Amino acid sequence: MSTEGLRIDHRGVRQAIEYYFDNDLTDGLPVVPATDTAVAEFLEQVDRDPDEIVATIPHLDRHCNVRLAAVNAVMAGCRAEYFPVVLAALDAMHRDTKARGSTRFASGLWQSTTGSSPLMIINGPARTALGFNAKGNVFGPGFRANATVGRAIRLIALNAFGLQPHVLDQATQAHPGKYTCCIAENEEESPWGPLSEDAGYPAGSSTLAFMMARSTLHIEARSATRPEHLLSDLANSIARTGGLYSETAACCVVLGPEHAALCHAGGFTKADVKAFLAEHAVCTRAALEQAGKTGLSRDMHWLVPADHPDAVPGEEPSFDSDGLHHVLPSPDEVVVVVAGASNAGVSTVIDLMGSTSARAAQGGGRVPAMAEIRLGAVPG
Amino acid sequence: MAPELEAILDPRGAAPDEGAARLAPRKDSLEGRRVGLLNNAKPNAAVILERLATLLQERYGVADVMMLSKPSFAVPADDVMMDKLAEQCDAVIAGVGDCGSCSAATTADGVLLEQRGVPAAAIVTDIFRASSAAMAQLKGFPGYKFVAVPHPIASLEGDEIDHLAEAALPEVLAILGVPA
């Protein structure tokens with residue numbers, strides 16, 4: 001391989017990289033030095049006032065404007081053309097924060113011991129125009145657009161919002177997606193319409209959906225021949241007791257194309273998939289008892305042992321007439337997308353932080369929080 | 001030709017605050033006074049606050065206790081709740097911050113109550129000192145003193161809660177400026 005005679009001032013490059021490490025301005029990996037020239041190239045890609053505040057963590061009095069987002073996007077290794085996607089992620093994040101309002105976690109979940117990761121899903125022509133990976137290794141490395149857009153959001157959290165680990169970010173273990181977690185939907189191999197159209201955006205729109213993920217759970221169902229088998233497997237994984245801190249859960253199911261095709265061939269629409277999962281994601285009383293989760297705490301209604309000092313006497317999770325506890329209160333608690341390679345019966349269940357439909361009910365608009373990506377706008 | 005040199009840009013959102021916040025004036029006794037409990041509603045928080053309130057009533061002549069429960073443990077209480085506590089209470093105990101977001105939020109509650117003129121003891125667990133201290137600085141009060149009790153809280157049972165409240169009481173009193 002030829003380096004085409006590229007020669008660099010290695011002292012200058014290393015000095016700049018070390019400056020960011022020395023001042024705790026990175027995620028632990030080297031960053032690209034951000035200067036006025038680079039930031040100006042990014043700002044040219046969007047028709048937005050550089051001083052416009054695009055995202056905020058209200059109780060920390062921390063705000064991120066368009067310029068600061070560009071500085072961090074440069075550092076993350078983005079190409080200038082990706083910057084509209086970074087702004088869409090911040091727009092969607094801002095909607096997510098607003099929609100959570102004064103719910104239990106609100107924007108404090110960025111500091112939480114749970115260690116949630118932003119999960120971003122790209123739809124529409126922006127995927128192909130910018131080279132977002134929607135196929136094999138969709139959560140994995142090797143794709144600059146996925147890797148750097150997700151990383152830009154983490155650098156904004158660390159730098160613009162000051163959410164440093166061991167200080168304001170107190171994650172007990174954290175989700176590895178906190179480095180980066182940005183995927184594209186495999187629309188070409190999906191039997192259904194894209195997430196953007198589910199949310200009411202016109203066909204051909206480029207969008208970004210923003211969620212907060214607690215975990216990504218790998219689902220093996222390579223020999224499934226009927227949708228009901230596969231969907232029961234998924235439902236059992238969604239309803240596992242270890243995923244429950246409260247009575248209910250919300251999730252994003254990322255179906256591999258094979259699994260999506262199996263569902264479609266069996267006559268299941270996306271809505272049918274959600275309805276099946278809501279109906280079958282259940283825990284037995286015995287399973288909750290074994291896990292010490294049959295009591296409800298005062299005020300918060302978290303699952304605690306029945307004899308816990310904070311358990312409300314006589315209160316327990318709801319059970320249906322068959323003694324089953326349903327963890328998904330409605331099909332709206334499930335987001336379904338298709339991504340990955342069409343090479344195995346593999347899917348992923350992602351536990352989401354907070355209830356998606358509750359957010360919609362509070363005026364949060366679409367489920368989940370989404371924003372349009374406006375590529376290559378020229379400043380007016 | 002020498003390369004054109006450019007400055008590296010600061011990616012941070014804001015400079016640290018100036019530290020303008022101050023403690024509210026202290027009362028020398030809780031005799032006959034009303035104590036507010038700002039419950040963050042985490043498991044066992046209300047149990048611990050109520051235990052502390054009972055001790056204050058039994059030993060320090062506290063006349064009356066008012067508990068308010070926050071809708072979100074992860075962020076500071078809203079203005080309505082803060083105003084109510086500041087107007088109707090002579091001192092407030094806030095807690096218990098036993099997690100990442102709620103340790104910082106409880107500390108912020110303490111600082112914000114002090115700014116409204118009411119002495120406040122914010123209780124967090126010791127493992128979250130760094131998060132609490134960082135939030136105090138963000139709210140303009142570097143070095144703000146809070147009560148750090150042993151972690152964990154959510155898994156404590158009856159006797160353990162009594163012991164924790166007993167052990168925390170001297171520090172609660174010290175922060176409220178009341179002789180033990």
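In the text below, chain A, chain B and the rest are named by the order of the sequence lines, each starting its count at 1. Values in this document were obtained by computation on a predicted structure and should not be read as measured data.
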Inset, instruction - Mark yes when over 12 heavy atoms from residues, nucleotides or ligands other than A:E52 sit less than 6.0 Å from its CD; otherwise mark no. - result: yes
Legend entry - Contact class of A:L60 relative to chain B, heavy atoms under 4.5 angstrom: both
Legend entry - Gap separating the NE2 atom of A:H59 from the CG atom of B:L138, nearest 0.5 angstrom: 9.0 Å
Legend entry - Proximal component of B:A154, with respect to chain A [non-hydrogen, under 4.5 Å]: backbone
Inset, instruction - With side-chain contact (heavy atoms from CB on, under 4.5 Å) as the test, would you mind laying out the steps for A:R298 and B:V47 before giving the verdict? - result: CA-CA 10 Å; A:R298 241 199 285 186; B:V47 184; 3.6 Å; yes
Legend entry - B:P11 backbone acceptor or donor facing A:N159 side chain under 3.5 Å: no
Inset, instruction - Kindly say whether B:C99 contributes a backbone atom to a donor-acceptor pair with the side chain of A:Q170 at under 3.5 angstrom? - result: no
Inset, instruction - Sort A:D36 into side chain, backbone, both or neither according to what part of it lies under 4.5 angstrom from a heavy atom of chain B. - result: both
Inset, instruction - Mind checking the OG-CE spacing from B:S69 to A:M300? Nearest 0.5 Å is all I need. - result: 8.5 Å
Legend entry - Minimum heavy-atom distance B:V75-A:G108, with the two atoms named: CG1-N, 4.0 Å
Inset, instruction - Answer with side chain, backbone, both or neither: which region of A:V74 has an atom nearer than 4.5 Å to a non-hydrogen atom of chain B? - result: neither
Legend entry - Cationic N near anionic O, under 4.0 Å, A:D299 to B:K70: no
Legend entry - Side chain, backbone, both or neither of B:L156 within contact of chain A (heavy atoms, under 4.5 Å): backbone
Legend entry - Residue among A:N65, A:L25, A:T172 with most heavy-atom pairs under 4.5 Å to chain B: A:L25
Inset, instruction - Working to the nearest 0.5 Å, report the span between CE of B:M135 and CG of A:L168. - result: 6.5 Å
